[in-house]
Protein chains: 2
Amino acid sequence: MAKRMIPDIVIGRLPVYLRALGFLIAEGRQITSSQELGDRLGISSAQIRKDLSHFGEFGKQGTGYDINFLYEQLRTILKVNKMWDVVLVGAGNLGKAIADYGGFKGKGFHIQAIFDNKEDKVGKPMGIDNLVVQPTSELGETIKSRGIMVGIIATPAEEAQAVARTMVDAGVKAILNYAPITLTVPSNVRVQYIDPVVGLQRMTYYLPEK
Amino acid sequence: MAKRMIPDIVIGRLPVYLRALGFLIAEGRQITSSQELGDRLGISSAQIRKDLSHFGEFGKQGTGYDINFLYEQLRTILKVNKMWDVVLVGAGNLGKAIADYGGFKGKGFHIQAIFDNKEDKVGKPMGIDNLVVQPTSELGETIKSRGIMVGIIATPAEEAQAVARTMVDAGVKAILNYAPITLTVPSNVRVQYIDPVVGLQRMTYYLPEK
DNA sequence: TAGATTGTTAATCGATTAACAATC
DNA sequence: TAGATTGTTAATCGATTAACAATC
């Protein structure tokens, strides 16, 4: 079947499939099956086949999937076969770790500018590309002039909503938010949240009492 | 209604409710409603009431919820009214940012030990508590001797599965995994994943072509 | 009392799974 | 051919929502 209002939950699994395929490629494998992929990811083979069926027919009966082919197909579907320019706001401990992370390139993302409010951060080089940290006052202008659509927020919670607002006003359509706060954005803007405390608190319910 | 096989998806939202209630408290508010909470979080008021109804009756008709009371109830349900000891493995850029993060204490988590393989990391103090980084060879022993049940993995992907294995063998029941790989663990062990690349790739599908 | 908001029910909506014909 | 695995259908399962009696 062709492209027709794919459930968000399906889109959400594709990057995980993509990541697993990347490992298979690194292992030198050529062919895999929905069964093997499911076993590795802890989900059913039926779900993988159903998810993929939203976008086309990528496998061969009796054989399975060509790993490299499926990998490229998924990259195209997710639009990460091109590089997306990204702005990063927040140059503290977390921002630094993000700027130093080598895992974005090759996965479709390139941090093009870093911003911070603090005097002692601005003007200094940071991250794997040695980007000079700019004052946050320049955020909107930079986004607009470079047509950037993806932003990462790594500020304290108190500043996050204002930063999101500036990003959105300047044209950002996707925000990865590390600040521990739910952002209010227009419905045409996507937000993904990363909060380690939420992650941990989702598990303690299931732990035996100490 | 009382405690009786709560859906995991409900448990997953409680930390987000808790976080929002924390903000309301910080704002000095006393009372809120499922409507207000839902508006702030972008979910329906019905869902909030339904979620809470799994655990008891916390509100008052015509009035709403006492914020402090509900906050404490959720902390108790999630078992984050006590402190959980945590081990952190990986003392690179990311591990350092996690160790330096002040947001765990007060939310129920206390990093008690940090581990790394690298010679140049071991023996040095790190994080807000100035913990001396231990060699990863000591991980299992430390977990066992202190009865630790929560682990954070911030190693490269290649090392993550082995670390998870060691953690689980030593008694860890909840793992927050920053490494970009799906872990294989026994079904009685919970894992939460934090992968910024997956977060970003979940959004690009929806972006207009450049 | 009048207005507001809960907790809960029942209906709706959506996601997952089992099963199998098709076919490599 | 025999065995394996896909893509898809239909059934099942589970989650969300709308609506409202209860009641503060």
Side-chain angles (χ1 to χ4, degrees), chain A residues 1-17 20-21 24 29-71 73-74 77 182 187 202 205, chain B residues 1-17 20-21 24 29-71 73-74 77 182 187 202 205:
Chain A
M1 289 297 125
K3 185 170 177 175
R4 194 96 285 281
M5 251 321 248
I6 317 294
D8 188 57
I9 198 163
V10 172
I11 301 296
R13 282 191 290 262
L14 299 188
V16 179
Y17 299 169
L21 291 166
L24 287 167
R29 300 278 308 284
Q30 301 287 332
I31 301 287
T32 189
S33 65
S34 58
Q35 180 69 54
E36 180 182 48
L37 224 33
D39 288 348
R40 289 207 180 205
L41 299 177
I43 61 186
S44 76
S45 64
Q47 179 157 86
I48 290 175
R49 294 198 301 279
K50 187 101 210 313
D51 284 353
L52 296 179
S53 77
H54 285 99
F55 304 94
E57 309 191 356
F58 305 112
K60 208 182 274 190
Q61 282 106 323
T63 308
Y65 301 91
D66 180 285
I67 294 170
N68 275 285
F69 176 73
L70 184 55
Y71 186 80
Q73 291 296 308
L74 289 183
I77 291 166
T182 300
S187 62
R202 280 177 174 160
Y205 172 83
Chain B
M1 292 297 122
K3 186 168 177 178
R4 193 96 289 279
M5 252 321 249
I6 316 294
D8 188 56
I9 198 161
V10 172
I11 301 297
R13 282 189 291 261
L14 299 189
V16 179
Y17 298 169
L21 291 167
L24 286 168
R29 299 280 307 283
Q30 301 287 335
I31 303 286
T32 188
S33 65
S34 58
Q35 180 68 54
E36 180 184 47
L37 224 32
D39 287 348
R40 288 209 181 202
L41 299 177
I43 62 187
S44 76
S45 63
Q47 179 157 87
I48 289 176
R49 294 198 303 279
K50 187 102 210 311
D51 284 354
L52 296 179
S53 76
H54 286 98
F55 304 94
E57 308 191 356
F58 304 111
K60 207 183 276 190
Q61 282 105 323
T63 306
Y65 301 90
D66 180 285
I67 294 169
N68 276 285
F69 176 74
L70 185 55
Y71 186 79
Q73 292 296 309
L74 290 183
I77 292 166
T182 300
S187 62
R202 282 177 173 159
Y205 172 83

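Naming: A, B, ... by sequence-line order, numbering from 1 per chain. Since the model is a prediction, treat every value here as computed from it, not as a measurement.
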- Using the salt bridge (charged side-chain N to carboxylate O under 4.0 Å, His left out) rule, collect all pairs that involve residues 30-40 of chain A, keeping only residues at least two apart or in two chains. A/E27-A/R40, A/R29-A/E36

- Task: Measure from CZ on A/F55 to P on D/dT8 and round the result to the nearest Å.
- Result: 13 Å

- Task: Can you tell me the distance, in whole Å, between the CD1 atom of B/I48 and the P atom of C/dT6?
- Result: 9 Å

- Taken in chain and number order and not counting sequence neighbours, the residues that satisfy side-chain hydrogen bond (donor to acceptor under 3.5 Å, both in side chains) with A/S34 are A/R49

- What residues form a side-chain hydrogen bond (donor to acceptor under 3.5 Å, both in side chains) with B/T182, not counting sequence neighbours? A/R19

- Per-nucleotide protein contact string for nucleotides 17-24 of chain D (B base, S sugar-phosphate only, - none; heavy atom under 4.0 Å): BBB--BBB

- Give a yes/no answer on whether the side chain of B/Y65 brings an N or O atom under 4.0 Å of OP1 or OP2 in C/dA4. no

- Query: B/I9 CD1 to C/dG14 P: how many Å, rounded?
  - Reply: 14 Å

- Message: Rounded to whole Å, please give me the gap between CG in A/D8 and C1' in C/dC13.
- Response: 16 Å

- Query: More 5' along DNA chain C: A/V10 or B/Q35, using each one's nearest nucleotide?
  - Reply: B/Q35

- Query: Just how far, in rounded Å, is P of C/dT5 from CG of B/L52?
  - Reply: 16 Å

- Query: What distance separates A/I48 CD1 from A/I43 CD1, expressed to the nearest 0.5 Å?
  - Reply: 4.0 Å

- Query: Who are the salt bridge (charged side-chain N to carboxylate O under 4.0 Å, His left out) partners of A/D8, not counting sequence neighbours?
  - Reply: A/R190

- Note on the structure: Heavy-atom nearest pair, B/T32 first then B/L37, reads OG1-N, 4.2 Å

- Query: In dot-bracket, 5' to 3', how would DNA chain D read with Watson-Crick or G-U wobble pairs under 3.5 Å, [ ] for crossing ones and | for pairs to another strand?
  - Reply: ..||||||||||||||||||||||

- Query: Is there a side-chain contact between B/H54 and B/L14 (heavy atoms, below 4.5 Å)?
  - Reply: no

- salt bridge (charged side-chain N to carboxylate O under 4.0 Å, His left out) partners of B/R13, counting only residues at least two apart: B/D51

- Note on the structure: A/I31 CD1 to D/dA4 P, in whole Å, measures 16 Å

- To the side chain of A/S53, which of D/dT5, C/dT5, D/dT8 is closest? D/dT8

- Please state how far atom CZ in B/F69 lies from atom P in C/dT6, giving the value in whole angstrom units. 14 Å

- Taking only residues two or more places apart in sequence, or in another chain, which ones meet B/F58 in a side-chain contact (heavy atoms from CB on, under 4.5 Å)? B/L52, B/F55, B/Y65, B/F69, B/L70, B/Q73, B/I77

- Atom pair distance, as rounded to whole Å: CG in B/D39 and C1' in C/dT5: 14 Å

- Task: Scan B/S34 against the nucleic acid and name what it touches under 4.0 Å (heavy atoms): base, sugar-phosphate only, or nothing.
- Result: sugar-phosphate

